[in-house]
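Structure first, commentary second.
Numbers here simply count residues along the sequence, with the first being 1. Because only heavy atoms are used, hydrogens play no part in the values below, and waters and symmetry mates are left out as well, while side chains stay in.
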Amino acid sequence: MTSRAFTFALCGTAIILAVVPMASATGQSPAAKPASAPAIAYVKVSGVDYAFQAPATVPSGIVTFNLENNGSDLHAMAVFELPEKHTMREFLDQYHTHGMIPVWMTSFGQTATIAPKAETFLTVRLKPGRYILACLIPARDGRVHTEKGMVTLVTAK
């Protein structure tokens, strides 16, 4: 395989326009071996007033969560890794008492806040483990949706 570079001079400055692979002696262009794309798992989650309907187990790897708001209030979904030595109760107590996510949790992001009958997506890379799906926005009465039960635990395998 050969390649050629085209160089031009403009006011004393050299400019390289392109380096183009040329056809081989057989007349075929060199073909780059395509990298295999990682598999992406699709997980549908329904948000209702005030709970998530989600599978208890999701695949590890790249996961796209599709949150559909089937309730009458606004909803969003945050994803947090729950370390083995901690519990959902510890997360909820810390969050409801101090209004902060515990420092021992890793956040994987949050969807957009969506209106009823809307949907949104969040793509994350999950290693095997436990994850919390939580709606962290306040309801019309001022209580956070997690206080009303809009939080669930999923396991990535």
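Atom CG of Leu136 sits about 8.5 Å away from atom OG of Ser107, to the nearest 0.5 Å. Atoms OH and CZ, from Tyr131 and Phe65 in turn, are 9.0 Å apart once rounded to the nearest 0.5 Å. How far OH of Tyr50 is from CE of Met150: 8.5 Å, rounded to the nearest 0.5 Å. Residue Ile101 holds its CD1 atom at 5.5 Å from OH of Tyr95, rounded to the nearest 0.5 Å. Note that OG1 of Thr146 and CG of Leu92 are 6.0 Å apart. Values are rounded to the nearest 0.5 Å.
Using a 4.5 Å cut-off between side-chain heavy atoms of Ile, Leu, Val, Met, Phe, Trp and Tyr, with links allowed through other members, Val45 and Phe108 fall into the same hydrophobic cluster.
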Q) Where do Ile132 and Val151 land on the side-chain contact (heavy atoms from CB on, under 4.5 Å) test, with the steps shown first? A) CA-CA 7 Å; Ile132 290 176; Val151 58; 3.5 Å; yes

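Among residues at least two apart or in separate chains, there is no salt bridge (charged side-chain N to carboxylate O under 4.0 Å, His left out) pair with a member in residues 53-62. Within the structure, the salt bridge (charged side-chain N to carboxylate O under 4.0 Å, His left out) test picks out no pair touching residues 54-66 (sequence neighbours left out).
Contact of the Arg130 side chain with the Val154 side chain is not registered, since no non-hydrogen atoms from C-beta on lie closer than 4.5 Å.
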Show the atom names and distances, to 0.1 Å, of all donor-acceptor pairs under 3.5 Å that link a side chain in residues 53-62 to residues at least two apart or in another chain.
| residue | atom | partner | partner atom | Å |
| --- | --- | --- | --- | --- |
| Ser60 | OG | Lys157 | O | 3.2 |

Show the atom names and distances, to 0.1 Å, of all donor-acceptor pairs under 3.5 Å that link a side chain in residues 74-86 to residues at least two apart or in another chain.
| residue | atom | partner | partner atom | Å |
| --- | --- | --- | --- | --- |
| His75 | ND1 | His145 | ND1 | 3.1 |
| His75 | NE2 | Asp49 | OD1 | 2.6 |
| His86 | ND1 | Glu90 | OE1 | 3.3 |

Side-chain donor/acceptor pairs under 3.5 Å, residues 112-127, sequence neighbours excluded:
| residue | atom | partner | partner atom | Å |
| --- | --- | --- | --- | --- |
| Glu119 | OE1 | Asn66 | ND2 | 3.2 |
| Thr123 | OG1 | Thr64 | OG1 | 2.7 |

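In this structure, Glu147 contributes its side chain and Val144 its backbone to a donor-acceptor pair below 3.5 Å. The backbone N or O of Asp73 sits less than 3.5 Å from a side-chain atom of Asn69, completing a donor-acceptor pair.
Between Gly47 and Phe52 the shortest heavy-atom distance is CA-CD2, 4.2 Å. In terms of heavy atoms, Ser72 sits closest to Arg140 at O-NH2, 2.8 Å.
By the side chain to side chain donor-acceptor pair (under 3.5 Å) test, Glu68 is found to be paired with Lys44, residues two or more places apart in sequence or in another chain being considered.
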